[in-house]
Amino acid sequence: MVYNRRPNNDSRKRFEFFMKNTLQALIAQAVEALRADGTLPPDADPAIQIERTRDPSHGDLACNVAMLLAKPAKTKPRDLAEKIVAALPADANVTRVEIAGPGFINFFLSQDAFHAVIPQILEAGEAYGHSTVGNDQRVQVEFVSANPTGPLHVGHGRGAAYGAAVADLLAAAGFAVHREYYVNDAGRQMDILAASVWLRYLELAGEELAFPANGYKGDYVWDIAATLHREHGDRFRHPWATISAELPADEPQGGDKELYIDALIARARDLLGEDEYRFVFDSGLNHILDDIRDDLAQFGIAYEEWFSERSLTESGAVDKALQRLKDSGHTYEKEGALWFRSADFGDEKDRVLVRDNGQTTYFASDIAYHMDKLERGFDRVIDVWGADHHGYVPRVRAALKALGDNPEKLDVLLVQFAILYRGGEKLQMSTRSGEFVTLRQLRKEVGSDAARFFYVMRKCEQHMDFDLDLAKSESKDNPIYYIQYAHARVCSALRKLEEKGWQYEQGKALQQLGLLTTDHELSLLTSLSRYPEVIEAAALAHEPHQLCHYLRELANDFHTYYNEHKILVDDAPLRNARLALSLATRQVIANGLGLLGVSAPESM
RNA sequence: GCGCCCGUAGCUCAGCUGGAUAGAGUAUCGGUCUCCGACACCGAAGGUCACAGGUUCGAAUCCUGUCGGGCGCGCCA
């Protein structure tokens, strides 16, 4: 991905729509003048906001400063607006200033002010829309982090698409982004996977046995077991009679499936020995992790780091975190377990760090992990979690507080599940039965582009209906198709240009931008100039859906324009100007889709 | 029961740190190809912003309460 490549510092900032800054400066001068003559009190120093108007009759840009200052000035907003306008210095790009509504100051801009965006885009290329607001702050974005106990399913897919888009947006906004996957390669769930693999292996080796109720029953477990059996024969084989001797009853026999699987794991460790057990364990872990890596890579997602939970135990980081909590007096022992006084730091209740059997909990590792993140010097840490984990947020914050770290550095972004629909019917999904729609299956069905786009089209905390038929459809109903088609249309026009034996001459084209005067052209130019603002807003708010909506609107502006005006006209200067506008549009669409991990095809 | 998230057009969703007449898409109805890909464009119609109060120049947006939906409340991860 190209989005970590940063353009030159000196060339970045100016891609923002310069008129906003210009008007801000003009208003500031006017306010200063009114302070000097006593119209405004000396301490009047408002945040001057310039916003884009929704209605063209309100001009191009508007300022609400008169309404903000009306009270301190003890003047009616409209009267104050008049005085501000009277004190406003002239500017060549501003053709008209009006006062409207409750006291808005509306600015009408010259066409030249809009044309300027074309050379900006064409010169900046892939970097158009990048900014420096992030100021090279180091941000770590942790996302997906699914347990490697099975393939990624469609729930993980949304977190993947969302996390990747947020990371890429932040990079474009000038943050130094570190993408990370936290690999839960320790803990009970992984032991259950290891036991499941081992039992399937034993079945392949010829043992007749009862598979545990709580084991992983997916077909991929058979695959792992088959590899193990093929490569190692009977190396890990033990008679089922020996294994099952004196184990507690499993659920179907009226026992507790949790107790049973734990006893089975203990038996496996005992019979295999720690090294051989670890071998079986790792064969499962590595197989699934490879699958996840491959799956995400094909989904266009790359990480800077895959962080191992086990490494936290092995490096002593977990012990260190526990020791710090103990030393600071935030723990106590009860019923043989070590508890953290998280309720003292905003959590609902206290939490266990070390179980009475001596094992540390997942929470203990997670404290160590977050401590490690902050020790690595990140200015901000973002966790993307499934919304069903929201109850977990207060305890992690509590731990950071107790450790004396700043919990404000942590943002937890919760992603709701997506519900898939096909043929108007809701697809049932259940991880329990081992029958679920995997991310792989989804990608295969609708393609990576549509999946990436659909996943981030909605606000992350919004429940989402994912319409598979729509994602596959090849028409304007499908937003991804619609946007990509706008890009392809420009490419098509360029091919046509070549067929006609004409050439696009950019140097000349940029001299002819004054010929772009129609409403459609100006509105397209306005949309193009908004792009950097959209990227900045979407990045800071962690809301890629803003970019999705923008791209659809931009595509609409282009299609409308394209339908209404011929690009490849005989008049060469006009043709060049229109091609320049089209190429700028193509660039912005490609940039925007790129940030979302979606391709921009030249034809489709 | 407690906590978090959500409630905007028939449906799926936007609505920028409170700002001007609440917007798109889709569905419905009606237009547009001798012309760069109609894989497209245009128009019409469609809303008590769940409900009730409050804050102020101004509230879909902020606060409180009620109703409705989702999720979470393990010595699981």
Side-chain angles (χ1 to χ4, degrees), chain A residues 47 49 51-55 57-58 62 64 67-68 70-71 76-77 100-104 106 145-147 149 184 186-190 192 258 309 334-339 348-349 351-357 359-363 365-366 386-394 414 416-417 421 457-459 461-467 470 473-479 481-482 484-486 488-497 499-500 533-534 537-538 540-541 543 545-546 548-550 552-553 555-556 558-569 575 578-579 582 603-604:
Chain A
Q49 304 167 32
E51 50 189 33
R52 290 176 182 272
T53 57
R54 239 175 277 169
D55 185 336
S57 72
H58 296 145
N64 66 349
M67 281 127 80
L68 295 175
K71 191 172 273 184
K76 287 181 196 162
F104 286 102
N106 293 338
S145 299
N147 283 345
T149 53
N184 297 119
R188 184 163 170 269
Q189 294 304 319
M190 287 307 298
I192 294 175
E258 306 288 352
E309 177 187 0
K334 189 178 87 179
E335 294 164 9
L338 181 71
W339 294 70
E348 288 177 353
K349 51 192 266 191
R351 309 289 174 178
V352 171
L353 296 169
V354 183
R355 295 200 264 160
D356 59 7
N357 66 6
Q359 286 188 317
T360 54
T361 58
Y362 173 85
F363 180 42
S365 303
D366 225 16
D388 53 337
H389 287 65
H390 67 79
Y392 201 77
V393 178
L414 300 169
Q416 291 284 354
F417 278 121
Y421 286 83
M457 204 162 51
R458 307 295 179 221
K459 263 193 307 216
E461 69 264 31
Q462 190 75 254
H463 295 102
M464 169 174 98
D465 291 343
F466 192 127
D467 185 339
L470 181 61
S473 94
E474 301 188 351
S475 76
K476 60 163 295 193
D477 307 354
N478 182 353
Y481 213 80
Y482 182 81
Q484 287 180 321
Y485 178 49
R489 258 185 151 174
V490 178
C491 298
S492 174
L494 287 178
R495 288 191 294 268
K496 200 79 186 176
L497 180 80
E499 280 175 30
K500 294 200 174 203
E533 296 164 22
V534 172
L540 296 179
E543 291 185 346
H545 77 273
Q546 290 190 31
C548 295
H549 285 274
Y550 167 82
R552 220 212 66 82
E553 286 161 21
N556 180 28
F558 181 74
H559 285 309
T560 299
Y561 172 52
Y562 194 87
N563 252 50
E564 193 65 27
H565 302 285
K566 196 167 165 115
I567 308 294
L568 302 179
V569 290
R575 184 173 71 233
R578 288 182 169 174
L579 277 167
S582 302
S603 66
M604 43 202 294

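Numbered from 1 within each chain, the chains take letters A, B, ... in sequence-line order.
- An OP1 or OP2 oxygen of B/A20 is reached within less than 4.0 angstrom by no side-chain nitrogen or oxygen of A/Thr53.
- Using a 4.0 Å heavy-atom criterion, one finds that A/Tyr562 contacts the bases of the nucleic acid, with or without backbone contacts as well.
- When heavy atoms are screened at a 4.0 angstrom cut-off, A/Asp467 is found touching no nucleic acid atom at all.
- Using a 4.0 Å heavy-atom cutoff across all strands shown, A/Ala541 reaches no nucleic acid atom at all.
- In this structure, A/Asp388 places its CG atom 9 Å from P of B/C73, rounding to the nearest Å.
- Counting non-hydrogen atoms under 4.0 angstrom, A/Met190 reaches nothing in the nucleic acid.
- The CD-P distance, from A/Gln49 to B/G19, rounds to 9 Å in whole Å.
- Position along RNA chain B of the nearest nucleotide to A/His559 versus A/Glu309 favours A/His559 as the more 5'-ward residue.
- Heavy atoms of A/Asp356 sit under 4.0 angstrom from at least one base atom.
- Without hydrogens or angle criteria, A/Arg575 side chain to A/Leu568 main chain gives no donor-acceptor distance under 3.5 Å.
- Looking at heavy-atom distances under 4.0 Å, A/Glu335 makes contact with a base.
- When heavy atoms are screened at a 4.0 angstrom cut-off, A/Ser492 is found touching base atoms of the nucleic acid.
- Look at A/His545 and the base of B/A14; the rings do not stack under the cut-offs of 5.5 Å between centres and 30° between planes.
- To the nearest angstrom, P of B/A14 lies 6 Å from CZ of A/Arg458.
- For RNA chain B, each stem of at least three Watson-Crick or G-U pairs (distances under 3.5 Å) is given as range with range: B:1-7 with B:67-73, B:10-13 with B:23-26, B:28-32 with B:40-44, B:50-54 with B:62-66.
- Comparing atom distances between the A/Tyr392 side chain and each of B/A77, B/C75, B/C36 picks out B/A77 as nearest.
- Among the protein residues, A/Ala70 comes within range of no part of the nucleic acid, since none of its heavy atoms lies under 4.0 Å from any strand.
- Taking NE2 of A/His463 as the start and CZ of A/Arg458 as the end, the distance is 14.0 Å to the nearest 0.5 Å.
- Regarding A/Arg489, its CZ atom lies at a distance of 10 Å from the P atom of B/C36, rounded to whole Å.
- Checking the phosphate oxygens (OP1, OP2) of B/A38, a side-chain nitrogen or oxygen of A/Tyr485 falls inside 4.0 Å.
- Residue contacts shown for A/Lys76 are absent, as no nucleic acid heavy atom lies under 4.0 Å away.
- Counting only heavy atoms from C-beta on, A/Gln462 has its side chain closest to B/G7 among B/A20, B/G25, B/G7.
- When the nucleotides B/A77, B/C36, B/G72 are ranked by their closest atom to the side chain of A/Lys566, B/C36 comes out on top.
- Residue A/Gln359 places no side-chain atom within donor-acceptor reach of the base of B/C75, judged by atom type and a 3.5 Å distance cut-off alone.
- Of all nucleotides listed (B/G19, B/C36, B/A20), B/G19 comes nearest to the side chain of A/Asn64.
- Comparing B/A20, B/A77, B/C73 by their nearest atom to the side chain of A/Thr361 picks out B/A77.
- If you check every strand for non-hydrogen atoms under 4.0 Å, A/Ser603 touches a base.
- A donor-acceptor contact shorter than 3.5 Å links the side chain of A/His559 to the backbone of A/Tyr482.
- Out of B/G15, B/G3, B/C41, the shortest distance to the side chain of A/His390 is found at B/G3.
- Contact detail for A/Gln546 and A/Ala538: the closest heavy-atom pair is OE1-N, 3.9 Å.
- In this structure, A/Ala100 reaches the bases: a heavy-atom distance under 4.0 Å links it to at least one base atom across the strands shown.
- Across all strands shown, A/Ala537 has no heavy atoms under 4.0 Å from either base or sugar-phosphate atoms.
- Atom NE2 of A/His463 is separated from atom P of B/C11 by 17 Å (rounded to the nearest Å).
- In this structure, A/Thr53 contributes its side chain and A/Ala62 its backbone to no donor-acceptor pair below 3.5 Å.
- Checked by atom type and distance alone, the side chain of A/Asp356 never pairs as donor or acceptor with a backbone atom of A/Ala337 at under 3.5 Å.
- Proximity of A/Asn563 to the phosphate of B/C42: no side-chain N or O atom is located under 4.0 Å from OP1 or OP2.
- Judged by distance alone, with hydrogens and angles left aside, the side-chain atoms of A/Asn64 form no donor-acceptor pair with the main-chain N or O of A/Met67 at under 3.5 Å.
- Rounded to whole angstrom, the span from the CG atom of A/Leu338 across to the P atom of B/G74 amounts to 19 Å.
- For the atom pair CG (A/Asn147) and CE (A/Met190), the distance works out to 8.0 Å, reported to the nearest 0.5 Å.
- Classified by its glycosidic torsion, B/C33 falls in the syn category, the angle being within 90° of 0.
- The side chain of A/Lys349 contributes no N or O atom lying less than 4.0 Å from OP1 or OP2 of B/G3.
- Protein atom CE of A/Met457 is 14 Å distant from nucleotide atom C1' of B/C11, rounded to whole Å.
- Distance from the side chain of A/Asp465 is smallest for B/U12 among the nucleotides B/A38, B/U12, B/C5.
- The heavy-atom pair separating A/Ile567 from A/Ser582 by the smallest distance is CD1-OG, 3.7 Å.
- Comparing atom distances between the A/Lys476 side chain and each of B/U26, B/G3, B/C16 picks out B/U26 as nearest.
- Side-chain atoms of A/Asn106 come within donor-acceptor range of the base of B/A20, with a qualifying N/O pair under 3.5 Å.
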Is there a side chain to side chain contact (heavy atoms under 4.5 Å, CB included) between A/Gln416 and A/Met464? Walk through the geometry before answering. CA-CA 7 Å; A/Gln416 291 284 354; A/Met464 169 174 98; over 6 Å; no
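- For the pair A/Arg351 CZ and B/C75 C1', the interatomic distance rounds to 12 Å; values are reported in whole Å.
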